[in-house]
Protein chains: 2
Amino acid sequence: MVDAPRTPAPTIYDVAKVAGVAPSTVSRAFARPGRVNADTAARIRAVAEQLGYRANPIARALSTSKTRMIGLMVSDVANPFYAELIRGAQMAASEEDYVVVLADAQESGALEREALERLLPVVEGIVIGSSRMSELALRSIAKQVPLIVLNHALGDIPSVVTDNRAGARAAVAHLRDLGHTSITYVAGPEASWTDGARWRALHDTARELGLQTRRVGPVVPTFEGGLGIGDEVLADGATAVVGYNDLVAIGIMAAARRARMRLPQDLSVIGFDDILTARLTTPPLTTVAAPIRFMGATAVRNLLAVLHGAKPRAGQAYVLPVKLVVRGSTAQRNRNRTSPALGTTSVSGSAS
Amino acid sequence: MVDAPRTPAPTIYDVAKVAGVAPSTVSRAFARPGRVNADTAARIRAVAEQLGYRANPIARALSTSKTRMIGLMVSDVANPFYAELIRGAQMAASEEDYVVVLADAQESGALEREALERLLPVVEGIVIGSSRMSELALRSIAKQVPLIVLNHALGDIPSVVTDNRAGARAAVAHLRDLGHTSITYVAGPEASWTDGARWRALHDTARELGLQTRRVGPVVPTFEGGLGIGDEVLADGATAVVGYNDLVAIGIMAAARRARMRLPQDLSVIGFDDILTARLTTPPLTTVAAPIRFMGATAVRNLLAVLHGAKPRAGQAYVLPVKLVVRGSTAQRNRNRTSPALGTTSVSGSAS
DNA sequence: TTGAAAGCGCTAACAT
DNA sequence: ATGTTAGCGCTTTCAA
């Protein structure tokens with residue numbers, strides 16, 4: 001029953017004829033209520049209703065170049081982090097009656113470019129969540145269409161990031177309070193701006209609070225990434241580890257468990273972001289929670305503001321507050337912990 | 001740097017002028033290569049390239065009503081199941097140079113309708129993953145635009161579903177092989193077609209293989225849903241439970257753990273779908289794996305086929321094969337298991 | 001093979 | 001307040 005409608009959809013001309021007015025009046029009645037007599041407007045609406053008239057957004061877009069669509073580019077739709085982000089963006093967009101066109105870079109810079117090309121002529125603006133493209137390429141896009149970038153503070157492109165500094169500080173302080181004296185950080189993608197920010201902040205605060213730090217990796221920011229580097233982390237006698245993100249942290253926990261360590265007694269683990277899954281692990285993950293959904297919404301709202309004429313605030317990223325959520329994966333340092341039974345880990349998997 | 005482009009984008013007129021041909025020839029050169037002399041075509045392409053000409057999809061859409069966009073409606077973007085689905089759809093779409101417009105029903109039938117309205121005039125066809133609308137409403141949509149529905153076999157609308165029957169059979173057989181004699185099924189949303197299919201299949205096969213069944217719920221299909229009904233499940237002395245989906249199953253595991261039961265020795269748990277998270281729990285979840293990504297791709301491919309003129313195959317759903325993935329959450333039945341320490345569970349959360 | 005011209009449905013001056 | 005008249009950029013007859 002997937003037939004085309006038998007009658008072509010009614011247009012403003014049809015409505016105009018029946019209502020006995022000019023097409024432009026019908027147009028006004030919808031596009032700019034108030035610029036038309038209340039009575040005529042009412043009549044027009046009535047006729048429109050009766051005829052089942054629906055404005056054609058394509059035609060409107062052609063003459064106004066307003067498509068009421070914004071593009072959302074993510075580097076991996078399957079990543080739970082982006083799922084939340086998408087929802088936030090989605091909500092903010094529909095609040096203003098915009099629709100979001102989704103593009104998935106699948107972790108490839110080339111695909112990202114390509115997808116962006118396809119998006120460009122259709123959308124009024126673009127939100128990019130963690131790009132795999134060069135800053136140069138980003139700037140080139142920004143020249144063509146309003147753009148807002150997530151998780152990456154660039155000087156001249158509006159961006160929204162989380163307060164990694166405060167997050168790292170909270171994590172370090174928490175671990176110190178638990179008696180830990182040394183922290184191992186498992187690094188994410190080298191190209192990741194966020195990774196740099198987190199490590200630096202962690203390192204600085206640790207020094208400030210008198211803790212040691214060690215950095216391993218980088219790994220792909222997935223469960224497999226964390227799992228794969230688990231042995232290396234444990235071999236060194238780490239008692240507290242902070243993962244680049246939740247997925248990595250969860251991978252580390254899995255590795256620890258395989259090595260027969262007890263969690264969290266033998267090893268404290270902290271993640272970043274607080275994806276939904278963080279709550280479901282055993283033990284549930286202590287993590288620096290980011291307002292992911294809010295990030296998506298903030299990005300879209302600001303983009304929309306720019307589209308409505310606001311001056312884009314470049315030069316200074318919007319930084320969103322984070323908060324440490326203490327769950328079960330962190331505990332008092334155990335001085336005579338079970339030593340890990342290493343060498344049992346095998347890995348397979350892909351990037352994120 | 002979010003300025004509008006200083007020069008308006010070049011059009012076919014610009015290209016035509018420089019190439020010394022008529023605009024319509026330029027149009028043909030792109031829209032219908034072959035219907036134009038090879039040399040002129042080459043010249044046109046060269047000029048276009050040099051001018052940086054890009055066809056305007058909006059204008060094209062206005063005269064052809066082909067937007068090269070398809071709508072994808074999900075009932076909850078944040079649900080990992082849909083994340084995978086989206087990716088599949090996304091990939092299939094871009095293979096044919098289509099773009100996907102995402103809409104999120106946020107579990108509300110009303111929002112779903114509304115979002116659909118917004119989508120309708122813009123897309124060439126729609127894929128709906130698990131609708132919250134009535135079949136009547138669905139049929140009404142199907143009248144207006146090619147539609148394909150997931151996880152819900154309707155007589156007269158093309159649909160793709162998984163082989164719940166085979167999945168349930170595999171689950172039951174597995175549990176029987178482990179010595180279980182009774183299975184508790186935790187039901188999902190009443191309105192869910194899938195829930196009905198799963199329960200019926202489970203029930204039938206169990207009877208056939210000589211096992212008892214019991215059905216509890218319905219619950220919202222989330223971790224919280226499973227967690228919340230955990231006590232009820234355990235109180236009855238269940239040794240094997242099958243959840244409506246993975247999230248529910250994982251919730252049950254959490255409840256069991258809170259009740260101090262050992263997993264999987266004291267309780268075997270099986271889920272449905274095999275979302276990414278299923279691998280990350282402790283123990284990792286045994287589940288009836290659905291080819292989620294493939295489902296999304298299949299839906300889109302079939303939709304595209306219809307758009308290209310194929311006759312929609314209604315009346316018989318595409319059913320996709322599933323397979324039982326045995327991981328750590330199922331084990332031999334334990335005749336003298338630890339009895340659960342109930343009454344410790346508190347719940348909060350929302351639907352999925 | 002190519003060009004001229006008429007739309008696609010709507011918006012936006014410019015008149016009245 | 002409303003009507004007239006050009007477009008927006010592309011496709012598509014219809015002629016040449």
Side-chain angles (χ1 to χ4, degrees), chain A residues 4-5 7-45 47-48 51-69 97 118 120-124 144, chain B residues 4-5 7-45 47-48 51-69 97 118 120-124 144:
Chain A
T7 24
T11 72
I12 47 173
Y13 291 93
D14 301 316
V15 176
K17 192 161 298 174
V18 177
V21 298
S24 54
T25 305
V26 177
S27 171
R28 285 192 200 96
F30 287 102
R32 202 164 310 240
R35 285 171 94 56
V36 62
N37 183 301
D39 296 346
T40 32
R43 184 152 39 92
I44 289 174
R45 295 194 108 72
V47 173
L51 259 45
Y53 167 78
R54 323 262 320 157
N56 178 334
I58 307 287
R60 176 175 308 199
L62 183 57
S63 66
T64 62
S65 354
K66 302 276 172 261
T67 57
R68 294 200 88 79
M69 304 201 260
D97 228 64
R118 214 170 317 166
L120 265 177
V122 180
V123 301
E124 293 182 39
Q144 308 181 53
Chain B
T7 23
T11 71
I12 48 173
Y13 291 93
D14 301 316
V15 177
K17 193 160 298 173
V18 177
V21 297
S24 51
T25 306
V26 177
S27 171
R28 284 191 199 96
F30 287 102
R32 206 162 310 244
R35 285 170 93 57
V36 61
N37 181 301
D39 296 346
T40 29
R43 185 151 40 92
I44 290 174
R45 297 194 107 71
V47 173
L51 258 46
Y53 167 78
R54 322 264 321 157
N56 179 333
I58 308 288
R60 177 176 307 201
L62 182 56
S63 64
T64 62
S65 351
K66 302 277 172 260
T67 58
R68 296 199 86 78
M69 304 200 262
D97 228 64
R118 213 170 318 164
L120 265 176
V122 180
V123 302
E124 292 181 38
Q144 307 181 54

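Throughout, a chain's letter reflects where its sequence line sits, starting with A, and its residues are numbered from 1.
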Sequence neighbours excluded, which residues qualify as side-chain contact (heavy atoms from CB on, under 4.5 Å) partners of A/Val47?
-> A/Val15, A/Val18, A/Ala19, A/Leu51
Note: A/Arg118 and B/Asp97 closest approach over all heavy atoms is NH1-CA, 4.0 Å
Which nucleotide of DNA chain D is the first, and which the last, in the 5' to 3' direction, to come under 4.0 Å of a heavy atom belonging to chain B?
-> D/dG9 to D/dT13
If every non-hydrogen atom of A/Val36 is compared with every non-hydrogen atom of A/Ala29, which pair is closest and at what distance?
-> CG1-CA, 3.9 Å
Minimum heavy-atom distance between B/Met69 and B/Val122, given as atom pair plus value | CE-CG1, 3.0 Å
According to the salt bridge (charged side-chain N to carboxylate O under 4.0 Å, His left out) rule, which pairs have a member within residues 16-31 of chain A, sequence neighbours left out?
-> none
Return the set of residues passing side chain to side chain donor-acceptor pair (under 3.5 Å) with B/Arg35 (not counting sequence neighbours), or none when no residue passes.
-> none
Applying side-chain contact (heavy atoms from CB on, under 4.5 Å), name anything that partners B/Pro121, two or more places apart in sequence or on another chain.
-> A/Pro57
At a 4.0 Å cut-off to heavy atoms of chain B, the contacted part of DNA chain C spans C/dT1 to C/dG9
Degree of bending, the helix from C/dT1-D/dA16 to C/dT16-D/dA1 (end axes from five pairs; round to 10°) = 30°
Heavy-atom pair with the smallest gap, counting every atom of B/Phe30 and B/Ala48 | CZ-CB, 3.6 Å
Which parts of residues 51-68 of chain B get close to DNA chain C, meaning a heavy atom less than 4.0 angstrom away?
-> B/Leu62, B/Ser63
Residues forming a side-chain contact (heavy atoms from CB on, under 4.5 Å) with B/Pro23, sequence neighbours excluded = B/Ile12, B/Tyr13, B/Ala16
Selection residues 54-68 of chain A - residue pairs positive for side chain to side chain donor-acceptor pair (under 3.5 Å), sequence neighbours left out = A/Arg54-B/Glu117
Got a sec, which residues hit side-chain contact (heavy atoms from CB on, under 4.5 Å) with B/Ala31, two or more places apart in sequence or on another chain?
-> none
Please work out which residues in residues 21-33 of chain B have a non-hydrogen atom less than 4.0 Å from an atom of DNA chain C and list them by number.
-> B/Val21, B/Ala22, B/Ser24, B/Thr25, B/Arg28
